[in-house]
Amino acid sequence: AMPTAAERQGNFAQTRDVNGALIQMFDPATTRLDPDRPAGTTRFLRDAFAGNVIPAARFNRAGTNLLGFYPNPNQPGRGASAIDNYFSSAPSQSNQDRVDLKVDHTITSNHVIMTRYNWFENQNITPSPYQNPASPSTSNRLPGLSVQGRHTWLITNRDIFEHSFTYGFTESIRTTPGSGFDPLQLGFTNSTVQGLKLQAFPAITATRLSPAGIPQVAASSNRPEVYQYKATLTMSRGNHTFKAGLDYRTLAGNIILQP
C-alpha cells in the first residue's frame with residue numbers, strides 16, 4: 001500500500017482495514033506499564049492520538065523525506081483499505097547473447113582434430129516499480145566461456161586414441177542496488193551515515209506500507225573455472241572391446257567482494 005494524501009499529512013482518520021475497521025494510531029511517547037497487569041507479567045499501555053491524527057510537530061524529518069519517494073496511489077485499495085492501491089507495470093529484462101563456433105579438420109585419414117568455442121552472456125535486470133531510488137533496479141550479469149580442442153588418432157583399424165583439453169568458466173557479477181545514493185539527503189545525521197557499510201538507499205519496512213529500498217549487499221564477482229584434460233584409448237580384439245582412459249580436472253573459484 002502507498003500512503004494516501006491524508007496519511008501523508010498525518011491524518012489517519014480514514015485509515016481502515018479491508019473490513020472497514022479503523023486502524024488506531026497510538027502515541028509511543030505515552031508508553032507506560034499497565035498498573036493492572038497480572039502479577040509477574042509485563043504489559044504496556046499507550047494513548048491513542050486524538051482523532052487518529054499525528055500532529056505535524058511530531059513528524060520525523062527523515063520519515064517526512066522518505067514519503068517523497070513513495071508514489072501516490074493510482075487505483076482503489078482492497079475493500080475499505082489502502083492495500084493494493086498502487087500498480088506498476090515496470091518490466092523486467094533478460095538479455096541473452098551467445099556465440100558458438102566449431103571447426104572439424106581431417107589432417108589425414110588417421111588424424112582428425114576438432115576445435116570448439118562457446119561464449120555467452122546473460123543479463124537479468126529487475127524493474128524499478130517506483131521509478132526512483134526507493135526501488136532500485138538490480139542487475140546480475142552472467143558471462144561464460146568454454147574452449148575445447150580434441151585430437152582423434154586412428155592408430156590401426158582396431159585401435160583409436162582420443163584426447164582433448166577443455167577450459168571453461170562461468171561468472172556471476174552482481175552490482176550494489178541503489179549504490180551512490182547519499183542518505184544524508186533523507187535527513188539522517190552524519191554519524192548515522194558514517195556507520196553505514198554502503199552508501200545506498202536504506203531498506204524501509206513498515207506495517208501496512210509497501211517496502212522501500214532493498215537489503216544492501218556488496219557488489220561481487222563469482223568466477224569458478226575448470227581445466228580438463230581427457231584421454232581415451234579404445235582397442236577392439238575379436239568380440240571384445242577394451243577401454244582405458246584418463247580424466248584430469250582442476251577446479252578454481254574466485255570470489256571478489258567490493259570493500
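All figures in this text were calculated on a predicted structure; none of them were measured in a lab.
- Considering all non-hydrogen atoms of both residues, Asp182 and Gln185 come closest at O-CG, 3.0 Å.
- Partners of Tyr86 by ring pair (Phe, Tyr, Trp, His ring centres under 6.0 Å), not counting sequence neighbours: none found.
- Under the rule for a side-chain hydrogen bond (donor to acceptor under 3.5 Å, both in side chains), the partners of Glu171 that lie at least two apart in sequence or sit in another chain are Ser221.
- Arg43 has its side chain within reach of Pro38: a pair of non-hydrogen atoms, C-beta onward, lies under 4.5 Å apart.
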side-chain contact (heavy atoms from CB on, under 4.5 Å) between Gln123 and Gln93: does it pass, once the steps are laid out?
-> CA-CA 8 Å; Gln123 187 170 28; Gln93 297 181 45; over 6 Å; no

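- Annotation for Leu251: hydrophobic cluster partners, listed by chain and number, are Val226 (ILVMFWY side-chain heavy atoms under 4.5 Å, direct or chained).
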Does the salt bridge (Lys or Arg N to Asp or Glu O under 4.0 Å) test come out yes or no for Arg237 and Asp159, once each step is laid out?
-> CA-CA 9 Å; Arg237 297 293 184 270; Asp159 304 315; 3.0 Å; yes

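- Residues Leu66 and Met2 fall within the same hydrophobic cluster, defined by Ile, Leu, Val, Met, Phe, Trp and Tyr side chains chained together at heavy-atom separations under 4.5 Å.
- Looking at residues two or more places apart in sequence or on another chain, you find no salt bridge (Lys or Arg N to Asp or Glu O under 4.0 Å) involving Arg158.
- Note: Phe242 CZ to His240 NE2 = 6.0 Å, rounded to the nearest 0.5 Å.
- Closest of all the heavy-atom pairs between Pro211 and Tyr130 is O-OH, 2.8 Å.
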Evaluation steps, salt bridge (Lys or Arg N to Asp or Glu O under 4.0 Å), between Lys102 and Asp100 = CA-CA 7 Å; Lys102 183 173 182 288; Asp100 297 302; over 6 Å; no

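- For the residue pair Pro3 and Pro73, the shortest heavy atom distance occurs at O-CD, 3.5 Å.
- Within the 3.5 Å criterion, the main-chain N or O of Thr126 finds a donor-acceptor partner in the side chain of Ser137.
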Step-by-step side-chain contact (heavy atoms from CB on, under 4.5 Å) determination, Leu233 to Ile155 = CA-CA 10 Å; Leu233 175 63; Ile155 304 172; 4.1 Å; yes

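- Every residue two or more places apart in sequence or in another chain that forms a ring pair (Phe, Tyr, Trp, His ring centres under 6.0 Å) with Tyr227 is listed here: Tyr167.
- A pairwise comparison of heavy atoms in Pro127 and Pro91 identifies CB-O, 3.2 Å as the closest pair.
- The ring-ring contact (aromatic ring centres under 6.0 Å, His included) contacts involving residues 60-85 comprise Phe69-Phe181, Phe69-Phe201, where partners must be two or more places apart or lie in separate chains.
- Across every non-hydrogen atom of Ala1 and Ser210, the tightest pair is N-OG, 2.7 Å.
- A single hydrophobic cluster is seen to contain both Leu209 and Ile204, as judged by linkage of ILVMFWY side chains at heavy-atom distances under 4.5 Å, directly or through other members.
- Under the 4.5 Å side-chain criterion, counting only non-hydrogen atoms from C-beta, Thr192 is not in contact with Pro183.
- Side-chain atoms of Glu121 do not come within 3.5 Å of backbone N or O of Arg141 as any donor-acceptor pair.
- Put simply, the side chain of Asn52 gets close to the backbone of Ile23: a donor and an acceptor are under 3.5 Å apart.
- A search for side-chain hydrogen bond (donor to acceptor under 3.5 Å, both in side chains) contacts involving Ser89 returns nothing, not counting sequence neighbours.
- Put simply, CZ on Arg249 and OG1 on Thr166 are 8.5 Å apart, with the number rounded to the nearest 0.5 Å.
- Between the side chains of Ser94 and Asn122, no donor-acceptor pair of N or O atoms lies under 3.5 Å.
- Cluster annotation: Phe49 and Leu67 are assigned to distinct hydrophobic clusters (Ile/Leu/Val/Met/Phe/Trp/Tyr, side-chain heavy-atom contacts under 4.5 Å, transitive).
- Remark: Leu45 CG to Thr31 OG1 distance equals 9.0 Å, nearest 0.5 Å.
- Phe165 pairs by the ring pair (Phe, Tyr, Trp, His ring centres under 6.0 Å) definition with nothing, not counting sequence neighbours.
- A heavy-atom distance below 4.5 Å is not found between the side chains of Leu154 and Ser109.
- By the side-chain hydrogen bond (donor to acceptor under 3.5 Å, both in side chains) test, Ser128 is found to be paired with Ser135, residues two or more places apart in sequence or in another chain being considered.
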Between Thr170 and Leu142, is a side-chain contact (heavy atoms from CB on, under 4.5 Å) present by the stated rule, with each step listed?
-> CA-CA 7 Å; Thr170 58; Leu142 304 167; over 6 Å; no

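- For the ring-ring contact (aromatic ring centres under 6.0 Å, His included) condition, the pairs that include at least one residue of residues 92-125, sequence neighbours left out, are His111-His151, His111-Trp153.
- Here CZ of Arg98 is found 9.5 Å from CD of Gln96. Values are rounded to the nearest 0.5 Å.
- Within the structure, side-chain hydrogen bond (donor to acceptor under 3.5 Å, both in side chains) contacts touching residues 54-65 (residues at least two apart or in different chains) are Asp27-Arg58.
- Between Asp47 and Arg32 there is a salt bridge, since a side-chain N of the basic residue sits under 4.0 Å from a carboxylate O of the acidic one.
- One distance of note links CZ of Phe59 with CD of Gln9; it measures 6.5 Å at 0.5 Å rounding.
- Among residues at least two apart or in separate chains, salt bridge (Lys or Arg N to Asp or Glu O under 4.0 Å) pairs with a member in residues 7-26 are Glu7-Arg208.
- Across all their heavy atoms, Arg116 and Ser146 have their closest contact at NH1-OG, 3.5 Å.
- Taken together through direct or relayed side-chain contacts under 4.5 Å among Ile, Leu, Val, Met, Phe, Trp and Tyr, Phe12 and Val53 form parts of separate hydrophobic clusters.
- For Phe44, the CZ atom is densely surrounded, since the number of other residues' heavy atoms within 6.0 Å is greater than 12.
- Distance alone, capped at 3.5 Å, places no donor-acceptor pair between the Asn19 side chain and the Ala21 backbone.
- Summarising the geometry, atom CD1 belonging to Ile125 is positioned 10.0 Å from atom CG belonging to Asn140; distances are rounded to the nearest 0.5 Å.
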